[in-house]
Amino acid sequence: MIKMTNIVKRFGAQTVLSEVSFETKYKEIFGLLGPSGAGKTTIINILTNQLSQDSGTHAIGVTPFETGLMLDEDGLYPRLSCIENLNVFADIYGMPHKKSLEVLKSVGLEDAVKKAVNTLSRGMRQRLALARAILHEPKLLFLDEPTSGLDPGTARGIHRLILSLRDKGATIFLTTHNMDEAVKLCDRVALLHKGKIVEHGGPADICMRHNAMKTVPDLEAVFINMTGTALQ
Amino acid sequence: MRTIKAIFIKQACDTLKNWMVLIQFILFPIMALIMTVLIAKPADDIPNSMFVTMFAAMYAGMTPLVTVASVIAEDKEHKSLRFLVIAGVKPQEYLLGISGFVLTVGLIVAVLFGLIGGFGGVEFVKFVLVLTLGSVASAILGATIGVISKNQQVATATVTPVFMILAFSPMFAEFNETISKMTSFLYTRQVSMLVNDFDMSLTEPVLIVLANIAVVFVLFVVAYRKKGLRI
């Protein structure tokens, strides 16, 4: 579904993405793993046309309208209530307001429908941002560090929701520096280090490949083995 | 049209909960009402409409300018604008939604000013027309400042000296001939002159206000081409 070929991106003299190429399949969860500053968000920004690359090509196989996006910065309207925030986008997409309510229920915010965003906890804001991203039932969903900074309970709830979205037919592209999250959620992953993809494939396949060296218990160890850097 | 309506409604909901913006709209008519009732009406030598015309000119120079600039800057700062653009909202739709809301409220406030001033018939229509034209110029200038500002702090720092000149120069011009001549090309001065004297010809002041609108529109286009809506 997503195809990125030899993408190079520089900010001034610094090269943040260097010949990045990968492909995702339909209806899979594809994870981009890397530590902070590896270039994960830059890749999402390029794929969603918020940034242009210096060279290389990319395609996402769906129209921009068929994509949903959840970023670290939620971009919610702080004074508006949860339902009002979603209704803004329901109006833009030409959807009935009852859909906003349904989606709020699906992310477990049915008790906070009329609460102003600036009174919500970080976890609740994350869930509302996810609700906005899935409101129009996108075929392709970009999630940038969807559980970053959340308590384990809230993170588990978001994991369940992500898996159910995949089961309903959405393709999900997520970035994370959380190894457990990647193993739990992703059908395939790519390991990104200093703007380069150093390994990719199914999490189990990657571990098996590197287990030949008899040093690798998990993806974290693969990453450390290959780059000398911890993910978190 | 659907998108413009969505942005318009969003702005209406947000403004009703944003005291800082809401006060910009209600401050001047309330001040005009209080001054008219407490000072102008009891006094024999002060025209009933004096404070209305004074505050109306200030309002036209300040409120749409400050409101549009701060709304755009806030949406940029909170990254809300980013999600609108990704959802397919075109920049012109966003700007029309925000400015449309500000000008609609501006029209309501102009009518309110007209009622407080006790204008009737042609005077009332002229007053609302002139004030609305002034608000259009102000809103476009506000959009220009919003576009070039990274965040609300920058927008406030930029907008303050601009509205000080635009909103208060007509008042100073009443007392000083030099200031009067220097500010005669500003739309706020023309709005002030027109609402002070409905018998004067509309042609020249309206042409000057329209020229102001053209100039600020060119400024807006230049700023927009340079900065766009994403920073």
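Here is how names work: the chains are called A, B, and so on, in the same order as the sequence lines, proteins then strands, and each is numbered from 1.
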Engineer: Does any backbone or side-chain atom of A/Asn85 lie under 4.5 Å from a heavy atom of chain B? Answer side chain, backbone, both or neither.
Structural biologist: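 A/Asn85 has no heavy atom closer than 4.5 Å to chain B.
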Engineer: Any chance the side chains of A/Glu181 and A/Thr176 put a donor and an acceptor closer than 3.5 Å?
Structural biologist: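 Present: a donor and an acceptor within the cut-off.
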Engineer: For B/Tyr187 and B/Ser138, test the side chains for any donor-to-acceptor distance below 3.5 angstrom and give the result as yes or no.
Structural biologist: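 Distance-only check passes for B/Tyr187 and B/Ser138.
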Engineer: Counting only non-hydrogen atoms closer than 4.5 Å, does A/Asn45 touch chain B with its backbone (N, CA, C, O), its side chain (CB onward), both, or neither?
Structural biologist: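 Only the side chain of A/Asn45 comes within 4.5 Å of chain B.
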Engineer: Examine whether an atom of A/Glu73 lies under 4.5 Å from a heavy atom of chain B, and if so say whether it belongs to the side chain, the backbone or both; otherwise answer neither.
Structural biologist: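 Its backbone and side chain both get close to chain B.
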Engineer: For the residue pair A/Phe30 and A/Phe22, is the inter-centroid distance of their aromatic rings smaller than 6.0 Å?
Structural biologist: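 Judged by ring-centre distance (under 6.0 Å), A/Phe30 and A/Phe22 do meet the cut-off.
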Engineer: When heavy-atom pairs shorter than 4.5 Å are enumerated against chain B, which of A/Thr63, A/Asp74, A/Leu76, A/Thr67 gives the highest number?
Structural biologist: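 The answer is A/Asp74.
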Engineer: With heavy-atom distances below 4.5 Å as the criterion, would you say the side chains of A/Leu80 and A/Val88 are in contact?
Structural biologist: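 Yes, side chains in contact.
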Engineer: How about B/Phe113 and B/Tyr59: are their ring centroids closer than 6.0 Å?
Structural biologist: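 Yes, close enough.
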Engineer: Measure B/Leu84 against the heavy atoms of chain A and call it side chain, backbone, both or neither at under 4.5 Å.
Structural biologist: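 For B/Leu84, backbone and side chain are both near chain A.
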Engineer: Under 4.5 Å from any heavy atom of chain B, what part of A/Leu69 do you find: side chain, backbone, both or neither?
Structural biologist: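 Both parts, backbone and side chain.
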Engineer: Might you point out which heavy atoms bring B/Ala60 and B/Leu131 nearest each other, and give the distance in Å?
Structural biologist: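 Heavy-atom minimum between the residues: CB-CD1, 3.9 Å.
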Engineer: With a 4.5 angstrom heavy-atom cut-off, which part of B/Glu74 approaches chain A: side chain, backbone, both or neither?
Structural biologist: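 The side chain, not the backbone.
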